[in-house]
Amino acid sequence: MTQPSQPARVRFAPSPTGRTHLGSGRTALYNYLLARQTGGQFILRIEDTDQKRYVPGAEEELMESLRWLGLDWDEGPDVGGPYGPYRQTERKSIYQKYARQLIENGQAYYCFCPTTKAEEAESPQQRRQHRELCPGRDLTLNEADARRSSGEEHVIRFRMPFEGSITVSDAMRGDISVENSTLDDYILVKSNGLPVYHLAVVIDDHLMEITHAIRTSEWLPTFPLHGHIYNALGWDQPIWVHPSIFLKPDGKGKMSKRDSEALLEEGKSIFLGDFKDMGYLPEAVVNWMALIGWSYDDKTEFFTLENLIEKFSLEKLSPAPAAINFSKLDHFNGLHIRELDSTDLAKRIKPYFEVAGYTVDDEDKLQQIAETLQVRMATLDEAPEKAGFFFKDEIHPEPESLIGKKMTAFASLEMATRIYELIAALPDFSEETANQPLRDLAVELGLKAGHVFGFLRNAITTQKVSPPIFETMTIVGREKVLERIENAIATLEKLTQND
RNA sequence: GCCCCCAUCGUCUAGUGGCCUAGGACAUAGCCCUCUCAAGGCUAAAACCGGGGUUCGAGUCCCCGUGGGGGCACCA
């Protein structure tokens with residue numbers, strides 16, 4: 001469609017009104033990919049013209065999330081750049097200059113309506129167009145300026161033609177035509193002198209020389225207005241792309257605040273800032289996000305950020321709304337965990353053990369744990385529950401767990417004792433030296449190998465599932481293995497005495 | 001209500017008029033492997049919203065329905 005061969009200048013332009021969503025992450029990602037692929041610039045612009053909804057700290061969380069994902073920007077409020085400032089409230093005078101220009105050209109006007117009278121109707125259905133009843137529309141510029149200088153409150157509105165139509169173009173969706181009669185005289189500048197989105201986005205994108213504007217489909221309804229503003233200013237438009245929004249996991253509508261909260265209770269989240277704590281790799285989140293609404297071909301699904309930079313294309317975007325699928329995120333997380341260098345994985349799981357209260361002072365042991373956990377984790381936060389026992393000095397298995405299936409306490413005690421003797425007597429201890437003898441022991445006692453291994457698993461890990469028992473015992477070390485078996489024997493002795 | 005967008009398995013999707021008996025992935029089920037759990041391998045079930053056109057031929061193009069989504073603020 002319009003794959004750029006020239007360097008693309010793209011922007012991600014969020015408003016700091018709350019926590020950063022998955023959908024924003026994807027929009028940022030697509031912009032980033034286009035910039036990196038073409039050797040262009042990725043710009044972060046903060047759209048903070050709504051002072052009422054401003055949330056302190058939102059900007060910080062946003063930046064932190066983007067950096068966590070690996071999406072670094074070339075120009076932005078913190079790093080500066082040649083097209084600044086990058087925070088819209090700091091660009092107020094710029095917008096006012098162009099607004100005045102529109103007024104002098106007759107394409108906008110001062111509106112003194114005390115409140116939005118036309119829109120006061122109770123529902124959108126019965127609402128009348130503002131322009132049908134606004135007296136300000138017919139004021140001369142001199143009259144309007146006089147009222148302004150007397151301090152009368154006012155806004156600036158776009159003068160929308162009653163007749164005709166406008167066609168705007170989306171690179172993915174094609175042309176979109178709308179009758180002007182269905183549009184209205186939208187506010188461009190609020191009574192506090194700050195612009196609304198529609199004006200600011202046009203001016204900023206033009207001044208910042210944005211070549212491709214990727215934003216979600218929520219902007220489609222006001223897209224024609226933006227086209228009109230471009231025309232009024234006499235500027236060329238960037239290439240527009242409006243990917244569809246994300247739907248709730250059940251596919252019924254977009255995420256509401258209530259939905260987000262409900263999700264949190266299930267241990268899931270659509271807030272970028274939560275994914276790290278939930279044990280997800282940024283690599284996996286990127287891979288997953290990229291594929292909701294974009295695909296490469298009929299078979300390739302595993303992508304790193306580098307791959308995506310190389311393979312991404314606007315042509316393969318899908319215009320249809322898509323439901324969020326969390327189980328697929330788990331799948332990708334597993335894939336990326338397994339793809340990691342085990343030393344890297346060790347580094348990444350360490351904080352999760354520490355948060356769970358374990359002291360990790362043996363890096364060599366951590367490395368071995370990482371290796372055994374690598375194929376067993378969907379998310380990193382599972383590490384402590386799966387392998388916390390490695391860091392405990394003392395463990396206390398459930399007494400009943402030490403008794404084998406369909407076995408008595410006596411038989412289990414005998415088995416435990418024989419296992420202890422066998423392991424203690426081995427010249428050296430490893431899977432090679434211990435596996436077969438333990439199996440032979442099971443046969444000798446008329447048991448299954450599973451009885452022997454099951455006992456060891458419970459005695460050493462207190463868990464009914466664990467990494468393979470020989471790997472586990474190697475990491476724990478023979479000395480501690482024997483100690484734990486001894487404890488288990490003592491426990492079993494107590495059980496037999498009670499019988 | 002008005003305006004706009006969208007429409008292939010439960011979900012994400014491949015498909016750009018014949019390569020489609022519609023492919024892949026997640027999830028689900030079964031089997032194999034196996035000391036538990038995973039990972040891995042194999043298999044199964046599972047879709048072109050409906051109706052009209054256009055064409056020798058339609059999942060693919062057009063129209064109309066229907067369904068889903070979004071928007072209708074001095075929010076972005």
Side-chain angles (χ1 to χ4, degrees), chain A residues 13-18 47-50 52-53 88 111 113 115-116 119 123-127 153-157 170 173 176-179 181-184 186-198 200-201 215-224 242 244-245 247 249-254 288 291-302 315-316 318-332 334-335 337-338 372-378 386 435 438-439 442 448-458 461 463-470 472:
Chain A
S15 56
T17 54
E47 310 216 324
D48 58 350
T49 54
D50 185 359
K52 289 191 286 293
R53 288 203 307 154
Q88 289 185 328
C111 166
C113 294
T115 172
T116 52
E119 295 90 330
S123 67
Q125 293 88 297
Q126 38 194 236
R127 196 169 285 172
E153 200 165 83
H154 61 278
V155 297
I156 297 173
R157 285 179 183 271
D170 176 288
R173 299 168 192 271
I176 297 167
S177 297
V178 179
E179 295 295 323
S181 62
T182 66
L183 272 12
D184 199 359
Y186 299 101
I187 290 174
L188 259 25
V189 178
K190 305 181 241 185
S191 58
N192 66 4
L194 250 16
V196 297
Y197 173 86
H198 311 302
V201 73
R215 62 171 19 170
T216 64
S217 62
E218 286 166 296
W219 293 110
L220 246 22
T222 47
F223 189 16
H242 297 85
S244 276
I245 59 156
L247 267 23
D250 63 10
K252 298 192 196 321
K254 72 169 179 179
W288 176 57
L291 258 21
I292 308 179
W294 178 82
S295 64
Y296 177 62
D297 59 17
D298 61 343
K299 50 179 86 69
T300 319
E301 290 216 312
F302 182 89
E315 284 83 354
K316 307 283 283 180
S318 160
I324 297 169
N325 183 346
F326 284 102
S327 59
K328 196 133 189 181
L329 171 60
D330 285 342
H331 169 70
F332 279 122
L335 290 183
I337 283 174
R338 272 164 258 138
T372 191
L373 246 31
Q374 192 146 21
V375 292
R376 282 169 241 283
M377 281 191 298
K386 285 190 187 301
N435 194 339
L438 284 168
R439 286 174 188 277
K448 301 227 159 118
H451 284 112
V452 170
F453 296 134
F455 164 78
L456 283 169
R457 176 163 286 114
N458 280 296
T461 74
Q463 298 171 182
K464 63 181 193 303
V465 304
S466 83
I469 197 61
F470 289 103
T472 300

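Everything quoted here is computed from the prediction, not taken from an experiment. Chain letters run A, B, ... following the sequence lines, proteins first, then strands; residues in each count from 1.
- Remark: the A/Glu218 side chain and the A/Thr216 side chain contain an N/O donor-acceptor pair separated by less than 3.5 Å.
- Side chain of A/Arg376 to main chain of A/Pro467: no donor-acceptor pair is present (N/O by atom type, distance under 3.5 Å, no hydrogens or angles).
- Comparing the P positions of B/C9 and B/C31 gives an interatomic distance of 29 Å, to the nearest angstrom.
- With both ends at atom C1', the span from B/A39 to B/C75 equals 48 Å, rounded to whole Å.
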Could you walk me through whether A/Glu301 and A/His331 pass the side chain to side chain contact (heavy atoms under 4.5 Å, CB included) test, one step at a time? CA-CA 11 Å; A/Glu301 290 216 312; A/His331 169 70; 5.5 Å; no
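- To the nearest 0.5 Å, atom CG of residue A/Leu194 and atom CG of residue A/Asp50 are 9.0 Å apart.
- Pairing for B/U34 is absent, judged as Watson-Crick or G-U wobble with the two contacts each under 3.5 Å.
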Nucleotides 26-39 of chain B: protein proximity per nucleotide (B base, S sugar-phosphate only, - neither; heavy atom, under 4.0 Å): BS-------BBBBS
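- Straight-line distance from the NZ atom of A/Lys254 to the C1' atom of B/A76: 10 Å, rounded to whole Å.
- The C1' atoms of B/A44 and B/U36 are separated by 27 Å, rounded to the nearest whole Å.
- Nucleotides B/G40 and B/G70, compared at atom P, are 36 Å apart to the nearest Å.
- With rounding to whole Å, A/Ile245 atom CD1 is found 6 Å from B/G70 atom C1'.
- Atom-to-atom, CH2 of A/Trp294 to P of B/U11 comes out at 22 Å; the value is rounded to the nearest Å.
- The distance between atom NZ of A/Lys299 and atom C1' of B/U13, rounded to the nearest whole Å, is 14 Å.
- The separation between A/Ile187 atom CD1 and B/C72 atom P is 13 Å, rounded to whole Å.
- Heavy-atom minimum distance, A/Ile176 versus A/Phe223: CD1-CD2, 4.3 Å.
- Look at B/C56: its Watson-Crick or wobble partner, with both distances under 3.5 angstrom, is B/G18.
- With a 4.5 Å cut-off on side-chain heavy atoms, A/Leu183 and A/Pro224 count as touching.
- Look at the P atom in both B/C72 and B/C26: the space between them is 39 Å, to the nearest Å.
- A gap of 35 Å separates the C1' atoms of B/A25 and B/C64, to the nearest Å.
- Following rounding to the nearest Å, A/Arg215 (CZ) and B/G70 (P) show an atom-to-atom distance of 18 Å.
- Two residues, A/Ile176 and A/Glu47, neighbour RNA chain B, and the one matched to the more 5' nucleotide by heavy-atom proximity is A/Ile176.
- Contacts of A/Lys448 with the nucleic acid, taken as non-hydrogen atoms under 4.0 Å apart, are absent.
- One interatomic measurement links the two molecules: CG of A/Asp170 to C1' of B/G70, which rounds to 14 Å at whole-angstrom precision.
- Distance from the side chain of A/Leu220 is smallest to B/C5 among B/C6, B/U11, B/C5.
- Residue A/Lys316 places no side-chain N or O under 4.0 Å from the OP1 or OP2 atom of B/A14.
- Contacts of A/Gly334 with the nucleic acid, taken as non-hydrogen atoms under 4.0 Å apart, are absent.
- The nucleotide whose nearest atom lies closest to any side-chain atom of A/Tyr197 is, among B/U13, B/A76, B/C4, B/A76.
- Using the Watson-Crick or G-U wobble rule with both distances under 3.5 Å, B/C2 pairs with B/G71.
- A/Trp288 comes within 4.0 angstrom of nothing in the nucleic acid, heavy atoms only.
- Taking the C1' atom of each, B/U21 and B/G30 are spaced 24 Å apart, rounded to whole Å.
- When all heavy atoms of A/Thr461 and A/Arg457 are compared, the pair lying nearest together is OG1-O, 2.6 Å.
- Distance from the side chain of A/Arg157 is smallest for B/C74 among the nucleotides B/G69, B/C74, B/U13.
- Below the 3.5 angstrom threshold, one finds no donor paired with an acceptor across the side chain of A/Thr182 and the base of B/C3.
- Checking B/C12, B/A76, B/U13 against every side-chain atom of A/Ser15, the shortest atom distance belongs to B/A76.
- Taking atom CG of residue A/Leu194 and atom C1' of nucleotide B/A76, one finds them 13 Å apart after rounding to whole Å.
- Contact annotation: A/Ser217 does not reach the phosphate of B/C5 (side-chain N/O to OP1 or OP2, under 4.0 Å).
- The ring pair (Phe, Tyr, Trp, His ring centres under 6.0 Å) check on A/Phe470 picks up A/Phe453, with sequence neighbours excluded.
- Put simply, the side chain of A/Ser191 never gets that close to the backbone of A/Val155: no donor and acceptor are under 3.5 Å apart.
- Base pairing annotation: B/A25 forms a Watson-Crick or G-U wobble pair with B/U11, both donor-acceptor distances under 3.5 Å.
- In this structure, A/Ala442 and A/Val452 approach most closely via the heavy-atom pair CB-CG2, 3.7 Å.
- Residue-level contact check: A/Thr49 touches the backbone only, with heavy atoms under 4.0 Å from sugar-phosphate atoms and none from bases.
- If you take atom P in B/G59 and the same atom in B/U8, they sit 15 Å apart, rounded to whole Å.
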